[in-house]
Amino acid sequence: MPMSIEADQGLYDYSTRPQRTPTPEGDPGLSLSDDTRLGLYTRLQELRQLEKRAYDLFMQNLVKGTSHLSLGMEAVAAGFGQAMRADDYAFATYRGHAHALSKGASMDGVLAELLGRQNGLMGGKGGSMHLSDAARGMMGSYAIIGAHLTLANGTAWSAQLRDSGQVTVCFFGDGTTNIGAFHEALNFAAVWDLPVVFVCENNLYMEYTPIDLITSVDHPAADRASAYGLERIVIDGNDVDRVYDTALRVLEKARSGGGPSLVEALTYRSGGHSRADPGKYRPAEEVKAWADYDPIIVYHQRLLARGFGEETLTEINNKVADQVNQATEAAKAGAEPELESIFTELWADGGSTWRN
Amino acid sequence: MAELSYRDAVSRGIAQEMRRDPNLVFLGEDVAAAGGVFKTTVGLLDEFGPIRVRDTPISEQAILGAAAGAAMTGVPVIAEIMFSDFLAVCFDLVANEIAKLRYMTDGQVSLPIVIRTANGAGSRFGAQHSQSVENWCMMIPGLKVVAPSTPEDVIGLMAASVRDPDPVVFFEHKSLMATKATIPDGEIVDELGKARTLRAGTDITIVALALMVPRAMAAADRLAEQGISAEVIDLRTLVPLDTRTILHSVERTGRLATVEENPRLCGWGAEIASLVAHEAFWNLDAPIVRITTPHIPLPAANNLEDATIPSVDKIVDTIVSEWA
């Protein structure tokens, strides 16, 4: 039966649609050391404060182009980043500031790249959407949806060939699960038993559109796992303890020859899709519910409940703030890239010559 | 010395490089157990084993993604895309990832990849298995583009491509698979970016690639009968482009014809015509002639396909009719 105009209007009136709010399950009661917990808290603060600074710099018109922020979603990158080995590989999307930092990229390298400076991670050639630090295993941020899942198979294949024990972690959004490369990559990883972990950050919106409106299953990643013989894993992506715990498990599985995993972490973008998007299409109650369940609020309260002192956490906050301020100054102090660099590094000989 | 087909030269070229470099790996659809749908990879699985020679699903994006990711970590890879037409289904990997990663990261990663693919018409396969798409790749900054016309060049240019630290798209022509030549024993290594003058001439420079090379040579014989002395250049690689060999030739002959299997618009000959028109303009005695496949998809029937791609007759007739 053809859809009526009324029904069609209802479909696109997101405010009348069932809202998806967080379902907190509380402290999972993991046996983690104090150092580990403070390490997770520190990482969350680093990602949050740097991302806020990136936003501020955009607002000051110091950063051009676009930006896709991970505000509200930091627990996924933080939890995995803390669980990964230094020589593991990571891939991210254009929303990749947090993932680059969590894999060890420097704050000033990230901010300087956003500002288009010579001291940026890629000397100004990559920009916000392409943060890479290959020396630290951050194999890049990719602005074509889906492609980097296939690339992640490649670094995992390399680790398999070299028997190096390295695992590749590939972060992507819920929208990615509807593109062909996602399915090619999952099948390929499964049949080759590759040491790779695919992490879907399900923030409930594919850019501006609720993911459930345009996806055939409730959980865009996890409900596809069985098609590739993989375990169905859905986790609370705003609970950094749970992310960390899951990360340890799937990383170990991959490292010990158990093959790939697909993890769906439920989370929420505090803001819109990109700089151009205020995110007004989201119901206010939904935004509020997730704001109350912000990963930093959650973890801050948990650490206090576990007996950590407020002053300890404040000290971390202040220390990170100093780092972000210093990084901002270092980035701003950077020179603009030399114009000659336009013609460098197309080829491995350092140049870009195509003729004699 | 041994007589070798173009088809067998592919596997010999790959084997030569896999023996030299124990890290070199090879993947693609039906390449291992089946030996390739064109039988260009027969024997590689037996010699190098299933770790280094690996069959894949029909997943061209996954194939090139795996190749690129491995290459980024220093593992050299040969990846086969069965028909060059299929580059269209993984062109994101070709054009947006593999070609750009080194530049985007300001040199943080290298991509030592050879993408081998069967190119060109002559097999009556129709519009989706017969195209010449070398120009698709030539237009993307960051890709090197190779298209050998002889068995010896297949081996030598394969070696040069594998040893090159940058991504190379290596076009093997389907209609040349059965051609044979006597090949020296031992290692053969050539160089990218070097065209080869196959026939010296004084009246016109004919620049050709892959299957169009033997046709240009045959056309040169026929033109000689009519008193026209044609110099024939086999380009061999489109990127890097050996402009010197072309320009020096045109400086002497004063005329240029390109023979291209790709369709008309933005074919590689257009770039060469532009270069020559700019840099050898005062040496030209006549308008530049481009002989190409018309700007249409390829039909399948024998006579239709034959009439579509440039033939010896078409080359001779076009050059003679333009002669003034």
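No experiment lies behind these values; they were computed from the predicted model shown. Lettering follows sequence order; numbering is per chain, from 1.
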J.: How close do B/Gln61 and A/Ala181 get, heavy atom to heavy atom, and via which atoms?
T.: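 Minimum heavy-atom contact is OE1-CB, 3.6 Å.
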J.: Taking B/Gln108 for its side chain and A/Leu121 for its backbone only, find out whether a donor-acceptor pair lies under 3.5 Å.
T.: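 Yes; judged by distance alone, with no hydrogens or angles, the pair exists.
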J.: Below 4.5 Å from any heavy atom of chain B, which atoms of A/Glu113 appear? Answer side chain, backbone, both or neither.
T.: neither
J.: Is it the backbone or the side chain of B/Leu275 that comes under 4.5 Å from a heavy atom of chain A, or both, or neither?
T.: side chain
J.: Most heavy-atom pairs under 4.5 angstrom with chain A, which of B/Leu101, B/Leu64, B/Val109?
T.: B/Leu101
J.: Would you say that A/Thr344 contacts B/Asp106 through its side chain, given a criterion of any heavy-atom pair below 4.5 Å between the two side chains?
T.: yes
J.: For chain B, find which of A/Thr168, A/Leu149, A/Asp133, A/Asn187 contributes the most heavy-atom pairs closer than 4.5 angstrom.
T.: A/Asp133
J.: At their closest point, which heavy atom of B/Gly193 faces which heavy atom of A/Asn356, and how far apart are they?
T.: O-ND2, 4.3 Å
J.: Please report the closest heavy-atom contact between A/Trp157 and B/Val25, naming both atoms and the distance.
T.: CH2-CG2, 3.5 Å
J.: Select one option (side chain, backbone, both, neither) describing which atoms of B/Thr243 are under 4.5 Å from chain A's heavy atoms.
T.: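 The answer is both parts of B/Thr243.
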J.: For residues 347-354 of chain A, which side-chain donor-acceptor pairs fall under 3.5 Å, sequence neighbours excluded?
T.:
{"residue": "A/Trp347", "atom": "NE1", "partner": "A/Thr353", "partner atom": "O", "Å": "2.7"}
{"residue": "A/Asp349", "atom": "OD1", "partner": "A/Gly351", "partner atom": "N", "Å": "2.8"}
{"residue": "A/Ser352", "atom": "OG", "partner": "A/Phe343", "partner atom": "O", "Å": "3.1"}

J.: Tell me whether B/Tyr103 contacts the main-chain N or O of A/Ile342 through its side chain, where contact means a donor paired with an acceptor under 3.5 Å.
T.: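 Checking the backbone N and O of A/Ile342 against the side chain of B/Tyr103, a donor-acceptor pair under 3.5 Å is found.
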J.: Is a side-chain donor or acceptor of B/Thr73 paired with a backbone partner of A/Ser158 at a separation under 3.5 angstrom?
T.: no
J.: Can you pull out the residues in residues 75-82 of chain B with any heavy atom less than 4.5 Å from chain A?
T.: B/Val75, B/Val77
J.: Between A/Arg355 and B/Val239, is any pair of side-chain heavy atoms under 4.5 Å apart?
T.: no
J.: Check whether any side-chain heavy atom of B/Met72 sits under 4.5 Å from a side-chain heavy atom of A/Tyr89, and report yes or no.
T.: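 Not touching, per the 4.5 Å side-chain cut-off.
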J.: Would you please name every residue forming a salt bridge (Lys or Arg N to Asp or Glu O under 4.0 Å) with A/Asp174, sequence neighbours left out?
T.: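 Salt bridge (Lys or Arg N to Asp or Glu O under 4.0 Å) check on A/Asp174 returns nothing, list empty.
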J.: Could you tell me which of A/Met139, A/Gln160, A/His148 has the largest number of non-hydrogen atom pairs under 4.5 Å with chain B?
T.: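 With the most close heavy-atom pairs to chain B, the winner is A/Met139.
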J.: Counting a contact as any heavy-atom pair under 4.5 Å apart, which residues of residues 87-98 of chain B contact chain A?
T.: B/Asp92, B/Leu93, B/Asn96, B/Glu97
J.: Among A/Glu184, A/Met122, A/Arg162, which residue forms the greatest number of heavy-atom pairs with chain B at distances under 4.5 Å?
T.: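 Ranked by heavy-atom pairs under 4.5 Å with chain B, first place is A/Glu184.
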J.: I need the residue from B/Pro57, B/Ala70, B/Pro165 with the largest number of non-hydrogen atom pairs under 4.5 Å to chain A.
T.: B/Ala70
J.: More than 12 heavy atoms of other residues, nucleotides or ligands under 6.0 Å from CD of B/Glu47: is that the case?
T.: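 Buried by this count: over 12 neighbours within 6.0 Å.
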J.: Determine whether a donor-acceptor pair (N or O, by modelled atom type, separation under 3.5 Å) exists between the side chain of A/Asn153 and the backbone of B/Ala66.
T.: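 It does not hold such a pair.
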J.: Which one wins on heavy-atom pair count under 4.5 Å against chain A: B/Leu143, B/Ile51, B/Asn23, B/Ile58?
T.: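 Of B/Leu143, B/Ile51, B/Asn23, B/Ile58, B/Leu143 has the most heavy-atom pairs under 4.5 Å with chain A.
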J.: Can you tell me which portion of B/Lys100 sits under 4.5 Å from chain A's heavy atoms? Options are side chain, backbone, both or neither.
T.: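 Neither part; nothing is under 4.5 Å.
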J.: Heavy atoms only: give me the nearest A/Phe188-B/Leu27 pair and the separation to one decimal.
T.: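 Answer, listing the atom of A/Phe188 first, then B/Leu27: CZ-CD1, 4.0 Å.
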